[in-house]
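Take a look at the structure below.
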Amino acid sequence: MKRRNNSINIWMLVLVAVFVPNATTSPAASDTGIQFVDVTQEAGIHWKHTDGRSGRKYFMETLGSGAAFFDYDADGDADLYFVDGAPLPGYVPEEIPTNRLYRNNGAGTFTDVTKIAGVGDTGYGHGCAVGDYNSDGHLDLYVTNYGTNRLYRNNGDGTFTDVAETAGVTEPRWSTSCAFADYDRDGNLDLYVVNYIVFDIAENPWCGLKEKGIRAYCEPDNFPAQSDTLYRNNGDGTFTDVTKSAGIYNTTGKGLGVVWGDYDNDGALDIYVANDSTENLFYRNNGDGTFEEIGFMVGVALSEDGAPENGMGTAFGDWNNDGWFDLTVTNYADQTNTLYRNDADGFFTDATTTTKTAQITYPYLGWATAFIDYDNDGYQDLFVANGHLHENLAELGQEGTYGQRNLLFKNNWDGTFTEASEALGAGMKLEDVSRGATFADYDLDGDLDIVITNSNASPRLLRNNGGNRKNWLQIRLIGTNGATDAIGTRVKITTGELTQVREVRSGDGYLSQRDLTLHFGIGDYEHVGGITIRWQNGVEQLVSDVAANQILFLEEKRND
């Protein structure tokens with residue numbers, strides 16, 4: 001069990017620091033000894049995902065589900081929410097599959113509080129995202145389904161109320177990923193919902209090798225696409241569908257992943273959507289409430305060879321620490337995942353080959369992805385969750401395995417990555433059918449831990465042992481001029497010659513939500529020279545000379 005320290009100090013009324021002692025003085029440029037350990041069972045997580053399979057190959061069985069790390073009870077540590085599937089025709093469950101909420105007990109364990117909290121949706125679920133949409137100081141939860149979506153309003157007393165219908169965000173189409181963001185900078189969190197394909201359970205087509213009677217899941221090309229939905233927050237607890245007026249309406253995409261991020265550093269959040277078998281979409285925020293789709297023009301819609309791929313998950317991250325957010329997309333097996341380098345001139349360059357990730361990802365089928373600094377060296381590494389679609393690959397005459405090892409690429413600081421998971425403990429060698437992933441320092445020891453969801457199986461809670469040997473800083477932002485979660489706020493820290501940039505984000509990767517706390521590894525540095533916070537309203541705050549190895553609570557200055 002890792003050590004946890006709960007001592008709290010107060011700085012200047014708006015800075016709160018939780019000090020956690022580092023294990024050792026960080027070694028120079030070495031991550032030797034870091035191990036990811038599967039602690040799922042001992043942590044008290046006994047939930048198992050259900051995809052409702054019965055052999056009839058309903059397409060929704062392939063997508064899996066996501067998870068969210070978020071501090072729903074505001075006690076300082078990250079709680080954990082899992083999205084579940086539901087029975088499909090031909091499947092008879094022993095008990096009704098239900099989404100689960102686990103409260104973090106603060107001692108390395110979790111308690112199932114689903115019934116008490118009232119968030120046990122039994123729909124066929126896929127994704128989730130978190131944000132304080134009504135600016136009351138409590139994190140709310142949005143859940144996507146094949147069917148009616150849910151918006152759980154946090155009541156602030158450990159319970160939630162589903163207000164999706166009254167808020168106007170039920171979204172009847174098949175939804176996958178979702179994310180909150182204040183795209184028009186009016187102080188209210190808006191909501192982007194990714195929609196997938198048109199699929200009718202009653203008209204489930206038969207795909208596979210008919211001459212041999214071997215059934216398989218159909219390809220997305222067999223089904224029509226659907227437009228995503230953008231909901232603008234009206235500021236009164238309700239939302240308005242502004243998809244068409246905002247320039248988002250597009251019936252060519254078959255969306256699975258979404259991420260908000262300010263790619264051109266103009267202060268307005270842009271949108272990237274990973275589509276399955278169609279061009280990926282990139283919506284540049286015009287700053288006037290509208291967007292322009294520029295994916296092809298800026299070089300992030302297609303593969304390097306100019307072909308649409310099977311995009312699954314996506315994430316922004318500044319992996320070369322130049323102050324501009326780069327982009328990654330996971331794809332189907334035999335396609336490679338894609339890394340786009342932000343050229344700081346409005347365009348991207350496909351850097352998949354030059355980063356030395358192409359050959360390694362080629363045989364894998366990638367889903368969730370994230371930029372995380374797992375070893376606290378100050379450079380973001382790259383995680384990918386893998387798992388195939390077909391459990392009967394051999395019968396279908398296809399290469400590969402159903403269960404696959406997940407990948408963790410170490411950033412070499414020189415524009416290349418090295419796949420390091422084989423050396424990172426038994427937890428990174430497991431061959432599961434993985435889908436979603438979420439990240440948080442759930443035990444508050446200074447390094448990032450990982451939760452991975454697996455299709456029709458138990459999840460994995462992988463505790464990071466040894467990542468805190470190098471120094472770190474975590475920042476929790478509290479907004480006061482709108483949504484209290486500070487989603488969309490950008491933070492830049494400087495330690496010596498090292499500068500890093502992060503944004504607080506809702507719903508990135510694939511179907512999932514990482515903890516809103518910003519995590520910075522800072523290597524051998526014992527102090528952060530400067531912190532610049534650019535809030536969503538454009539106001540900047542500066543903090544100087546901050547000690548390492550602590551959690552800072554930074555509160556936005558009020559306009560009044």
| Heavy-atom check, side chain of Val169 versus side chain of Asp241, under 4.5 Å | no
| request: Would you check if there is a donor-acceptor pair between the side chains of Asn321 and Thr499 at a distance under 3.5 Å? | output: no
| task | Report the C-alpha separation of Leu151 and Tyr142 in whole Å, then their side-chain angles, then the decisive distance to 0.1 Å, and conclude whether the side chain to side chain contact (heavy atoms under 4.5 Å, CB included) test is met. | result | CA-CA 4 Å; Leu151 175 58; Tyr142 191 77; 3.9 Å; yes
| field | Taking every non-hydrogen atom, the tightest pair across Ser177 and Thr144 | value | O-CG2, 4.2 Å
| said: Could you tell me if Asn149 and Ser175 have a donor-acceptor pair between their side chains, going purely by distance under 3.5 Å? | reply: yes
| task | Dump the intermediate steps for side chain to side chain contact (heavy atoms under 4.5 Å, CB included) on Phe59 and Asn204, then the final yes or no. | result | CA-CA 8 Å; Phe59 201 57; Asn204 184 36; 5.7 Å; no
| Is the side chain of Thr401 donor-acceptor paired with the backbone N or O of Gly403 at a distance under 3.5 Å, no angle test? | yes
| query | Roughly how far, to the nearest 0.5 Å, is the CZ atom of Phe36 from the CG atom of Asp38? | reply | 12.5 Å
| query | In this structure, are over 12 heavy atoms from other groups packed under 6.0 Å from Gln359 atom CD? | reply | no
| Distance-only, no hydrogens or angles: does the Gln500 side chain make a donor-acceptor pair with backbone N or O of Gly521 under 3.5 Å? | yes
| request: Check the pair Arg534, Asp262 against salt bridge (Lys or Arg N to Asp or Glu O under 4.0 Å), reporting the backbone distance first and the verdict last. | output: CA-CA 12 Å; Arg534 189 191 71 190; Asp262 181 8; 2.9 Å; yes
| message | I want to check something: taking the side chain as every heavy atom from C-beta on, are Val300 and Leu327 in contact at a cut-off of under 4.5 Å? | response | yes
| query | Is there a donor-acceptor contact under 3.5 Å linking the side chains of Asn188 and Arg232? | reply | no
| remark: residues 290-302 vs salt bridge (Lys or Arg N to Asp or Glu O under 4.0 Å), sequence neighbours excluded, gives Arg284-Glu292
| remark: Shortest non-hydrogen pair, Leu269 vs Glu503, comes out as CD2-OE1, 3.9 Å
| Side-chain donor/acceptor of Gln513 to backbone N/O of Gly507, under 3.5 Å | yes
| Does CD belonging to Glu219 count more than 12 external heavy atoms closer than 6.0 Å? | no
| message | Name the residue from Phe291, Phe296, Tyr272 that meets the ring pair (Phe, Tyr, Trp, His ring centres under 6.0 Å) definition with Phe282. | response | Tyr272
| task | Please step through side chain to side chain contact (heavy atoms under 4.5 Å, CB included) for the pair Tyr374 and Leu424, ending with a clear verdict. | result | CA-CA 10 Å; Tyr374 78 90; Leu424 294 175; 3.9 Å; yes
| Between the side chain of His126 and the main-chain N/O of Gly64, is any donor-acceptor distance below 3.5 Å? | yes
| said: Is the shortest side-chain heavy-atom distance between Trp535 and Leu477 below 4.5 Å? | reply: yes
| Going from CG on Leu191 to CG on Asp182, what distance comes out if it is rounded to the nearest 0.5 angstrom? | 12.5 Å
| request: Answer yes or no: is there an ion pair linking Lys410 with Asp377, defined by an N-O contact shorter than 4.0 Å? | output: yes
| said: Any non-hydrogen side-chain atom of Ile452 less than 4.5 Å from a side-chain atom of Thr438? | reply: no
| Under a 4.5 Å cut-off applied to non-hydrogen side-chain atoms, are Asn99 and Val143 in contact? | yes
| Minimal non-hydrogen separation, Val130 against Ile487, with atom names | O-CD1, 3.5 Å
| query | Ignoring hydrogens and geometry, is there a side-chain-to-backbone donor-acceptor pair from Thr148 to Thr170 under 3.5 Å? | reply | no
| request: Indicate yes or no for a side-chain donor-acceptor contact from Ser512 to the backbone of Gly509 under 3.5 Å, with no hydrogens or angles considered. | output: no
| said: Check whether Asp51 reaches the backbone of Asn456 with its side chain - one donor and one acceptor, N or O, closer than 3.5 Å. | reply: no
| message | Measuring from atom CG of Asn285 to atom OH of Tyr263, what distance do you get when rounded to the nearest 0.5 angstrom? | response | 10.5 Å
| note | d(Cys207 SG, Lys57 NZ) to nearest 0.5 Å is 11.0 Å
| field | Spacing of Arg505 atom CZ and Asp515 atom CG [to the nearest 0.5 Å] | value | 14.5 Å
| request: Verify the distance criterion only: is there a donor paired with an acceptor across the side chains of Asp305 and Ser303 at less than 3.5 Å? | output: no
| request: Would you kindly say whether Ser434 and Asn454 are connected by a side-chain donor-acceptor distance under 3.5 Å? | output: yes
| said: Can you give me the closest heavy-atom contact between Ala179 and Ala129, atom names plus distance? | reply: CA-CB, 4.0 Å
| query | Phe223 and Tyr196: aromatic ring centres closer than 6.0 Å? | reply | no
| With no hydrogens and no angle check, do the side chains of Asn376 and Asp447 hold a donor and an acceptor under 3.5 Å apart? | no
| Val273 and Val194: which non-hydrogen atoms are nearest, and at how many Å? | CG1-CG1, 4.4 Å
| said: Would you say that Met60 contacts Trp174 through its side chain, given a criterion of any heavy-atom pair below 4.5 Å between the two side chains? | reply: yes
| message | Could you check whether Lys470 pairs with Asp375 (Lys NZ or Arg NE/NH1/NH2 to Asp/Glu carboxylate O, under 4.0 Å)? | response | no
| query | Which distance, rounded to the nearest 0.5 Å, do you find between the CG of Asn250 and the OG1 of Thr278? | reply | 8.0 Å
| request: Determine the interplanar angle of the Phe199 and Tyr146 rings, folded into 0 to 90°, and report it as parallel if under 30°, tilted if 30 to 60°, perpendicular if over 60°. | output: perpendicular
| request: Look only at the side chain of Trp367 and the backbone of Thr330, and say whether a donor-acceptor pair between them is shorter than 3.5 Å. | output: no
| field | Donor-acceptor contact present, side-chain Thr361 to main-chain Asn337, <3.5 Å | value | yes
| query | Are any non-hydrogen side-chain atoms of Arg405 and Asn386 less than 4.5 angstrom apart? | reply | no
| field | Residues Trp413, Asn411; criterion side chain to side chain contact (heavy atoms under 4.5 Å, CB included); working and verdict | value | CA-CA 6 Å; Trp413 306 6; Asn411 192 324; 4.2 Å; yes
| task | Check Ala370 against Phe439 and note the closest heavy-atom contact, atom names and distance. | result | CB-CE1, 3.3 Å
| Ring center gap for Phe371 and Phe383 short of 6.0 angstrom | no
| Does Thr355 reach the main-chain N or O of Ala351 with its side chain, forming a donor-acceptor pair under 3.5 Å? | yes
| According to the ring pair (Phe, Tyr, Trp, His ring centres under 6.0 Å) rule, which pairs have a member within residues 320-345, sequence neighbours left out? | Tyr332-His388
| said: Side chains of Asn331 and Glu309: any donor to acceptor distance under 3.5 Å? | reply: yes
| query | Centres of the Phe180 and Trp260 rings: under 6.0 Å? | reply | no
| Got Asn392 and Ile214 here, is their nearest side-chain heavy-atom distance under 4.5 Å? | yes
| query | Looking just at side-chain N and O atoms, do Asn310 and Gln335 make a donor-acceptor pair shorter than 3.5 Å? | reply | yes
| request: With Asn195 as reference, evaluate Asp228, Thr229, Thr176 under the side-chain hydrogen bond (donor to acceptor under 3.5 Å, both in side chains) test and give the passing residue. | output: Thr229
| query | Under 6.0 Å between ring centres, would you say that holds for Phe239 and Tyr133? | reply | yes
